[in-house]
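Below, read A as the first sequence line, B as the second, and so on, with proteins coming before strands; counting in each chain starts at 1.
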Amino acid sequence: MSLDFAPAAPTSLLNNLNPEQLAAVTLPSRPALILAGAGSGKTRVLTTRIAWLIQTGQVSPAGVMAVTFTNKAAKEMLTRLGAMLPIPVRGMWIGTFHGLCNRFLRAHWKLANLPQSFQILDSQDQLSAVRRVIKAMNLDEERFVPKQVTWFIAGSKEEGLRPRDVQVRDEQSRTLAAIYQAYEDQCQREGVVDFAELMLRTYELMRDQPALREHYQRRFRHVLVDEFQDTNRLQYAWLKAFAGPETSVFAVGDDDQSIYAFRGAQVGNMSDFEREFHVEQVIKLERNYRSFGNILDSANALISHNTRRLGKNLRTEAGPGEPVRVYESTSDYAEAQWLLEEAQQLHRDGTPRSEIAILYRSNAQSRVLESALFNAGIPYRVYGGLRFFERAEIKHALAYLRLLENPNDDTSYLRVVNFPTRGIGARTLEQLQDAARATGRSLYQSVGAVTGKGGANLAAFNTLVDAMRDNTRGLTLREIIEHVVQASGLADFYRNEKEGRERLENLDELVNAAEAFVTQEGFGKDAVALPVDEHAGAVVVSPGTIAEGDPPAVARTEQAPDAETGEIMSPLAAFLTHAALEAGDNQAQAGQDAIQLMTVHAAKGLEFDCVFITGLEEGLFPHENSLSDYDGLEEERRLMYVAITRARRRLYLSHSQTRMLHGQTRYNIKSRFLEELPEAALKWITPKAQAFGSGYARDYRAAWSSGSGRGSAAGAGEKTLAPKVATSEGVALRTGQSVFHTKFGEGVIVTLEGSGADARAQINFGRHGMKWLALSVAKLTPVD
DNA sequence: ATACCGCTCTTTTTT
DNA sequence: AGAGCGGTAT
């Protein structure tokens with residue numbers, strides 16, 4: 001192996017590691033499991049290990065594969081590695097599961113039975129493809145809900161199941177399997193793959209092609225996996241396929257931060273890995289460099305309520321720090337108001353806004369917060385809306401571009417055949433689809449079968465697509481996109497649209513994104529065909545092929561060359577892949593110092609000086625849909641654990657007595673999670689007077705006047721509605737009041753009905769659910 | 001072909 | 001409440 005750089009003294013790399021980190025980084029080349037707690041320097045360990053392995057000559061850069069889940073994590077790893085190693089890192093096999101699969105399938109497209117420039121369906125595309133299949137099969141969308149079918153297909157693939165492997169037990173499942181089969185045929189015909197297909201097809205290829213498998217297994221001496229707790233069955237099987245007898249797999253994960261079980265992640269993969277790979281020693285990284293003691297104590301105490309854990313406790317040497325502040329408000333509105341004032345105070349005291357995060361369990365909660373911040377004129381940024389490449393106008397432009405590459409892409413064809421409108425209606429399309437189905441050809445190919453005016457319009461559309469293709473031949477990517485945006489009529493359409501300005505700007509932005517992509521990925525004019533490293537079987541592969549000295553275009557290119565010809569895909573095809581694989585940032589008011597709003601899920605992996613966790617109420621957090629099973633509750637608790645451990649210095653927890661949700665006021669009791677925290681680390685900061693004081697009536701009215709109103713008087717048009725009152729054994733009760741029941745514990749009165757002996761109340765007992773109780777029977781004690 | 005009305009659904013989400 | 005979708009009326 002020839003590495004052209006002088007091996008730096010490894011000690012410089014290892015200088016600032018603590019003993020556990022050092023042990024992990026320098027583990028011998030054997031399967032290893034690292035239990036890395038939140039804020040324990042996980043990414044550092046991963047990247048340092050790669051650098052250390054290379055610098056000490058134990059492996060060449062080409063012999064390393066490192067897998068992450070998100071593009072962000074992959075980028076971060078590449079950046080840090082780039083700073084540690086004097087070699088071009090971009091050619092290394094470091095990326096997301098799907099990114100690496102893409103690279104693999106691009107290189108072996110023939111073996112994988114794919115067209116060379118296959119395109120990738122994002123979830124939107126997949127949904128519309130499934131919808132088309134269901135329609136084509138003449139099935140009832142009520143019975144076979146496209147979303148659920150999509151979920152079923154993705155789920156099956158993630159279990160490694162093809163349509164024929166799906167368990168058929170009744171009519172319903174038989175049809176589901178048939179839809180799955182038809183969907184697969186359709187994708188194959190159109191030359192597209194969905195996300196799960198990237199994984200599954202790669203896995204199957206590795207499984208079924210011994211030469212290929214042996215090649216890659218011999219090549220990758222070290223496979224490193226980030227966020228191992230989030231792997232699903234297929235990803236685990238995939239890893240096993242790449243790990244040969246000589247491969248050492250280095251898995252880093254934290255079972256306490258597993259929050260994606262709901263979409264197939266198997267925490268059990270960690271213990272399976274430990275067993276199946278005969279891991280001799282599990283290293284725990286428990287020293288936390290992020291948060292102060294009270295925050296960590298809270299996190300530890302909370303997570304200790306979970307039963308199925310590998311066991312791990314975070315500790316810090318930073319001292320206890322400030323107490324965790326808990327706030328109770330009377331309404332979601334009041335909660336937002338308080339939070340905003342508190343955040344402003346933090347800002348005045350010197351915390352940058354970007355170091356203040358407001359977390360919530362579900363997206364629906366962001367609205368109140370947003371409007372409060374907006375009205376107060378405080379800059380904020382919400383994560384997790386539509387992302388750039390998911391915007392309608394961008395998808396339209398991309399669809400035209402995809403048709404240039406592959407006119408048989410029916411999904412794209414349907415998206416834009418009548419956008420902007422060109423007199424092609426539903427009837428015409430139906431005829432076209434029938435003809436296509438009958439002959440097994442694409443829509444584009446079937447245009448001749450439709451007669452009349454619609455047929456002429458269709459033919460004109462095909463001509464348009466062909467013309468765009470001809471007219472853009474030889475142009476740069478930028479010029480291609482500019483041409484297509486004009487020639488397709490998209491530009492004119494949005495110019496005339498009253499809300500179209502922003503969309504036009506986004507289309508300009510698309511051109512910029514393409515430009516950036518070309519520069520960054522080295523798709524200059526002189527992108528060179530390159531020496532083949534991806535080849536399997538026949539060719540002898542030297543382990544150190546990708547090292548310093550490779551043509552830059554190679555090292556910087558995400559796309560793998562074809563295994564036989566070394567041919568690189570066109571810049572356009574590569575850009576389309578990039579768009580599907582990396583949906584892009586949710587556009588932000590970049591550069592501005594803004595408060596960060598996001599769901600707890602979105603916050604994973606991030607950290608902030610000050611964190612607010614809002615809506616800590618039974619039914620919301622933990623979410624009611626998760627309460628039915630025990631695993632669900634444990635996942636909610638892990639979610640809370642993730643939320644808490646985002647905070648470095650100051651943590652706020654808040655809950656509200658009432659909350660508008662889905663147009664109705666809900667009365668919630670505080671989350672059990674609050675009670676699972678250590679009293680000593682907490683400080684309640686709710687002003688006593690406010691609990692049921694003057695603020696209450698105002699909020700109460702505000703909530704009811706706009707709501708649909710269960711109260712009987714609401715229909716009578718009464719504007720100011722007092723809480724409904726009833727009496728039980730001489731005790732006055734009102735809606736919104738907290739009461740105690742000997743069996744169900746604390747609850748909140750939601751509705752009061754009837755009077756006298758008939759009086760009954762609907763009470764939300766949180767974890768015991770919603771109950772109707774007869775006041776003459778139930779023993780209720782008011783609490784305040 | 002398009003405009004509009006009313007119905008349904010609403011946890012979390014990357015790729 | 002609000003978005004998105006599908007069906008119906010123009």
Letter per nucleotide, 5' to 3', of nucleotides 2-7 of chain C [B base touched, S only sugar-phosphate touched, - untouched; heavy atoms, 4.0 Å]:
S---S-
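Here salt bridge (Lys or Arg N to Asp or Glu O under 4.0 Å) pairs that include residues 659-668 of chain A, with residues two or more places apart or in two chains, are A:E335-A:R659, A:E617-A:R659, A:E624-A:R666. Sorted by first then second residue, the salt bridge (Lys or Arg N to Asp or Glu O under 4.0 Å) pairs that include residues 357-374 of chain A, not counting sequence neighbours, are A:R361-A:E636. Judged as a salt bridge (Lys or Arg N to Asp or Glu O under 4.0 Å), the pairs with a partner in residues 192-202 of chain A (not counting sequence neighbours) are, in order, A:K157-A:D194, A:K157-A:E197, A:R162-A:E197, A:E197-A:R201.
Position along DNA chain B of the nearest nucleotide to A:A364 versus A:S123 favours A:A364 as the more 5'-ward residue. The nearest heavy atom of DNA chain B to A:G423 and to A:A602 marks one nucleotide each, and the one closer to the 5' end goes with A:G423.
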Using distance only, find each side-chain donor-acceptor pair of residues 597-605 of chain A under 3.5 Å and give its atom names and separation, not counting sequence neighbours.
unit_1	atom_1	unit_2	atom_2	d
A:T599	OG1	A:A602	N	3.1
A:H601	NE2	A:I259	O	3.3
A:K604	NZ	A:E227	OE1	3.4
A:K604	NZ	A:D230	OD2	2.6
A:K604	NZ	A:Q257	O	3.4

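Residues meeting the side-chain hydrogen bond (donor to acceptor under 3.5 Å, both in side chains) test with A:T645, sequence neighbours left out: none. Shown here are the ring-ring contact (aromatic ring centres under 6.0 Å, His included) partners of A:F608, two or more places apart in sequence or in another chain: there are none. Take A:F493 and apply the side chain to side chain contact (heavy atoms under 4.5 Å, CB included) test, not counting sequence neighbours, and it matches A:F419, A:P420, A:E497. Listed by chain and residue number, nothing satisfies the ring-ring contact (aromatic ring centres under 6.0 Å, His included) test with A:F152 (two or more places apart in sequence, or in another chain). Applying the salt bridge (Lys or Arg N to Asp or Glu O under 4.0 Å) rule to A:D256 yields the partners A:R309, A:K312; only residues at least two apart in sequence or on another chain are considered.
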Let me see the working for A:K42 and A:D226 under salt bridge (Lys or Arg N to Asp or Glu O under 4.0 Å), right down to the final yes or no.
CA-CA 9 Å; A:K42 172 195 69 155; A:D226 192 14; 3.3 Å; yes
Quick one: which protein N/O atoms are closer than 3.5 Å to N/O atoms of nucleotides 8-10 of chain C? Pair and distance per line, please.
none

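Among the atoms of the strands shown, none is found under 4.0 Å from any heavy atom of A:F97. Residue contacts shown for A:F262 include a base, since a base heavy atom lies under 4.0 Å away. Among the heavy atoms of the strands, none lies under 4.0 Å from A:D194. A:I424 comes within 4.0 angstrom of sugar-phosphate atoms only, judged by non-hydrogen atoms across all strands, and of no base. Looking at heavy-atom distances under 4.0 Å, A:D122 makes no contact with the nucleic acid at all.
A cation-pi contact, defined as under 6.0 Å to the ring centre and within 45° of the axis, is absent between A:R391 and A:F388.
Put simply, chain A comes within 4.0 Å of DNA chain B, heavy atom to any atom, from B:dA1 to B:dT15, going 5' to 3'.
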